[in-house]
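The structure appears right after this line, and notes come after that.
These numbers come from a predicted model, not from an experiment. All residue numbers in this chain count up from 1 along the given sequence. Excluded from the calculations below are hydrogen atoms, water molecules and symmetry mates; all remaining heavy atoms, backbone and side chain alike, are included.
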Amino acid sequence: MKRKRACFLAVLCALGMTVCGCGIGAQVGGAVDRGLDMEGYTREENSRSQEDTPHQESSGSAVTDVNNTVGGGAVPDQSGELNELGLDAETMDVLKYNIYIELYNTIVEIMEDINNYFLVVDTADEFRFREDAEYSYGYRIKGFNMDAVEDAEMVYNMEPAYETLDGLVVDMLPSMREIMETFDAIDDSEYTYEQNQYQQPKENHVRLMACLDEFAAYASEYMKQVEIIVDEENETREAQMLENGQLIMYYYSHMITLATDILDEIYDQGIDDYNLTELDLTPVYPMYEEMQETAAAYQQAVSDNNQLMLESLSNRQVYAGDWNSLLQAFEWMIKQVESKVPYEDPSREYLGGLQHIYVVLSDKVESYNGIFVK
């Protein structure tokens, strides 16, 4: 299950601006056969507000709580009609959009569990530990609540239709629910796994392997479709930022977009921290140079009091937008590749590694939301 992107969509706001960025990736490690590649997964975090609805088939945002939205004083659309949840069409579009992004986020968390599981357990049909496993069964496995699945089950057949995503949700949810329940069982910390010759882990493994391939196939396609829509909306919104003269917001957004583009290129090449020195830097150099130019333009914009006033920002707010840490993270990564010296233990967060970039970029996405989300 090849994951193209390593990105997080950050999100926005009363102004309807959305930025694509990266978050902390899943634990990278252990080769996973059976055609599954779980490395490089991160969350999509994108909130869409009602001012933010150029409705395309779908997606992007920090989830809206269904219970808090229903009955929340929604104003009927021009037709005056409310659906069975008491929502007008525009509010329902926002709600469904956000629910589908939260489903994406849950998939990312499942991928992290899958990756961590196969760091310890062999991918054979019968349960057995990997010979090179350093940890015990259940290491870094976490359980799930079913909120994202139940919310998606509630809205997938409701208007507005997100044609491709609606169908994928219908097909994916049974195996997704099964895999989540299995990881809940694995996460049962009260059970002593050595008892009864690991009978419970054996049963859990059978359940997991029975639904893994089906879930992986649907989840991969679902994530791809979400990301296509998110990318299209992000491009449109960055263009709108420029049109509105919001240079500070644009440069901030575009820095995160460029960082995501570099990480996309890295994953397109099949690279992670385990084989980082094999990365072909040829397509990376020009994107990194554009990052440097964009960071310089950002600093110039935030130094202009008139620009700050135009965007209703203060020096204190935009100070969080200093880009030295992100530029250095990519610079160190480039130098690490150029050195051709692999890490002794690539599972750790090293300066110059992709895990370090995830951490730094995640902070920038959070800062974006803190500065620009109204």
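- Separating the CD atom in Glu90 from the CG atom in Leu95 is a distance of 12.5 Å, to the nearest 0.5 Å.
- If you take CG on Asp363 and OG on Ser325, they are separated by 7.5 Å, rounding to the nearest 0.5 Å.
- Side-chain contact between Val341 and Thr277 is absent, with no heavy atoms from C-beta onward closer than 4.5 Å.
- For Lys96 and Tyr162, the positive end sits near the middle of the six-membered ring, less than 6.0 Å away and at most 45° from its axis.
- Under a 3.5 Å cut-off, the side chain of Asn275 and the backbone N or O of Asp272 do form a donor-acceptor pair.
- For Ser312 (side chain) and Leu308 (main-chain N/O), no donor-acceptor pair under 3.5 Å exists by modelled atom type.
- With contacts defined as side-chain heavy-atom distances shorter than 4.5 Å, the pair Leu361/Leu263 qualifies.
- Here the side chains of Val226 and Leu103 are not in contact, with every heavy-atom distance at 4.5 Å or above.
- For the residue pair Asp322 and Lys364, the shortest heavy atom distance occurs at O-NZ, 2.7 Å.
- No donor-acceptor distance shorter than 3.5 angstrom exists from the side chain of Asp273 to the backbone of Gly353, with no hydrogens or angles considered.
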Output, in order, the C-alpha distance, side-chain angles, deciding distance and verdict of side-chain hydrogen bond (donor to acceptor under 3.5 Å, both in side chains) for Gln225 and Thr164.
CA-CA 8 Å; Gln225 294 299 324; Thr164 302; 4.7 Å; no
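- Between Tyr288 and Phe330, the angle of the ring planes lies from 30° to 60°, which puts this pair in the tilted group.
- Across all their heavy atoms, Trp323 and Ala295 have their closest contact at CB-CB, 3.9 Å.
- A donor-acceptor pair under 3.5 Å is absent between the side-chain atoms of Glu150 and the main chain of Asp147, judged by distance alone.
- Its side chain within the 4.5 Å cluster rule, Trp332 clusters with Leu351 among the Ile, Leu, Val, Met, Phe, Trp and Tyr residues.
- The pair Lys335-Glu338 does not count as a salt bridge, with every side-chain nitrogen at least 4.0 angstrom from each carboxylate oxygen.
- Minimum heavy-atom separation, Leu276 to Gly352: CD2-O, 3.5 Å.
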Dump the intermediate steps for side-chain contact (heavy atoms from CB on, under 4.5 Å) on Asp125 and His205, then the final yes or no.
CA-CA 8 Å; Asp125 289 334; His205 186 76; 5.9 Å; no
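- No donor-acceptor distance shorter than 3.5 angstrom exists from the side chain of Arg177 to the backbone of Val149, with no hydrogens or angles considered.
- Under a 3.5 Å cut-off, the side chain of Glu238 and the backbone N or O of Tyr250 do not form any donor-acceptor pair.
- To the nearest 0.5 Å, the span separating OH on Tyr156 from CE on Met172 amounts to 12.5 Å.
- Taking the six-membered ring wherever Trp is involved, the centroid distance between the rings of Phe129 and Tyr198 falls below 6.0 Å.
- When all heavy atoms are compared, the tightest approach of Pro283 to Gln269 is CG-NE2, 3.9 Å.
- In this model, no donor atom of one side chain and acceptor atom of the other lie less than 3.5 Å apart for His254 and Tyr298.
- With Thr182 as reference, Asn204 is the one residue of Asn204, Asp187, Val206, Asp113 to meet the side-chain contact (heavy atoms from CB on, under 4.5 Å) rule.
- Separating the CE atom in Met111 from the CD1 atom in Ile107 is a distance of 6.5 Å, to the nearest 0.5 Å.
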Does the pair Asp280 and Val337 meet the rule for a side-chain contact (heavy atoms from CB on, under 4.5 Å), with working shown?
CA-CA 9 Å; Asp280 178 7; Val337 175; over 6 Å; no
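- For the 3.5 Å distance criterion, the side chains of Asn369 and Glu366 fail to qualify, holding no donor opposite an acceptor.
- For the atom pair CG of Asn315 and CG of Asn305, the computed distance is 6.0 Å after rounding to the nearest 0.5 Å.
- Classification of Arg207 and Glu181 as a salt-bridged pair holds, one side-chain N sitting under 4.0 Å from a carboxylate O.
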Before you tell me yes or no, could you show the steps for Lys142 and Glu112 under salt bridge (Lys or Arg N to Asp or Glu O under 4.0 Å), namely the whole-Å CA-CA distance, both residues' side-chain angles and the distance that decides it to 0.1 Å?
CA-CA 9 Å; Lys142 60 184 178 183; Glu112 293 175 357; 3.7 Å; yes
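- Within the 3.5 Å criterion, the main-chain N or O of Ile248 finds a donor-acceptor partner in the side chain of Glu311.
- Side-chain contact between Ser367 and Tyr252 is present, with heavy atoms from C-beta onward closer than 4.5 Å.
- At a threshold of 4.5 Å between non-hydrogen side-chain atoms, the residues Thr91 and Val94 do not count as touching.
- Between atom CG of residue Leu279 and atom CG of residue Leu354 there is a gap of 8.0 Å, rounded to the nearest 0.5 Å.
- Scanning all heavy atoms of the two residues, the minimum distance from Phe118 to Arg130 falls at O-NH1, 2.8 Å.
- In this structure Tyr285 satisfies the ring-ring contact (aromatic ring centres under 6.0 Å, His included) test with no other residue, sequence neighbours excluded.
- The minimum heavy-atom distance between Ala152 and Ile99, with the atom names listed, is N-CG2, 3.7 Å.
- Look at Arg128 and Asp122 and you find a salt bridge, because one of the NZ, NE, NH1 or NH2 atoms lies within 4.0 Å of a carboxylate O, short of that distance.
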Run the side-chain contact (heavy atoms from CB on, under 4.5 Å) check on Tyr97 and Met92 step by step: do they pass?
CA-CA 8 Å; Tyr97 180 99; Met92 185 62 207; over 6 Å; no
List the steps, then state whether side-chain hydrogen bond (donor to acceptor under 3.5 Å, both in side chains) holds for Tyr218 with Asp213.
CA-CA 9 Å; Tyr218 287 128; Asp213 288 342; over 6 Å; no
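- Side-chain contact between Met291 and Ile262 is present, with at least one heavy-atom pair separated by less than 4.5 Å.
- For the residue pair Tyr251/Gln300, the side-chain donor-acceptor check at 3.5 Å is not satisfied.
- A donor-acceptor contact shorter than 3.5 Å links the side chain of Ser339 to the backbone of Gln336.
- Follow the hydrophobic side-chain contacts under 4.5 Å out from Leu310 and you never reach Val302; the two are in separate clusters.
- Checked for salt-bridge contact, Lys202 and Glu126 miss the test: no charged N lies under 4.0 Å from a carboxylate O.
- Put simply, the side chain of Glu102 does not reach to within 4.5 Å of the side chain of Asp151, judged on heavy atoms.
- Side-chain N or O atoms of Ser220 include none that pairs as donor or acceptor with a backbone N or O of Ala217 at under 3.5 Å.
- Counting non-hydrogen atoms of other residues, nucleotides and ligands closer than 6.0 Å to CD of Gln292 gives a total above 12.
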Checking side-chain contact (heavy atoms from CB on, under 4.5 Å) for the pair Leu247/Leu242: CA distance, chi angles, key distance, verdict?
CA-CA 6 Å; Leu247 299 181; Leu242 286 176; 4.0 Å; yes
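- Side-chain contact check for Arg140 versus Asn115: every heavy-atom pair is 4.5 Å or farther apart.
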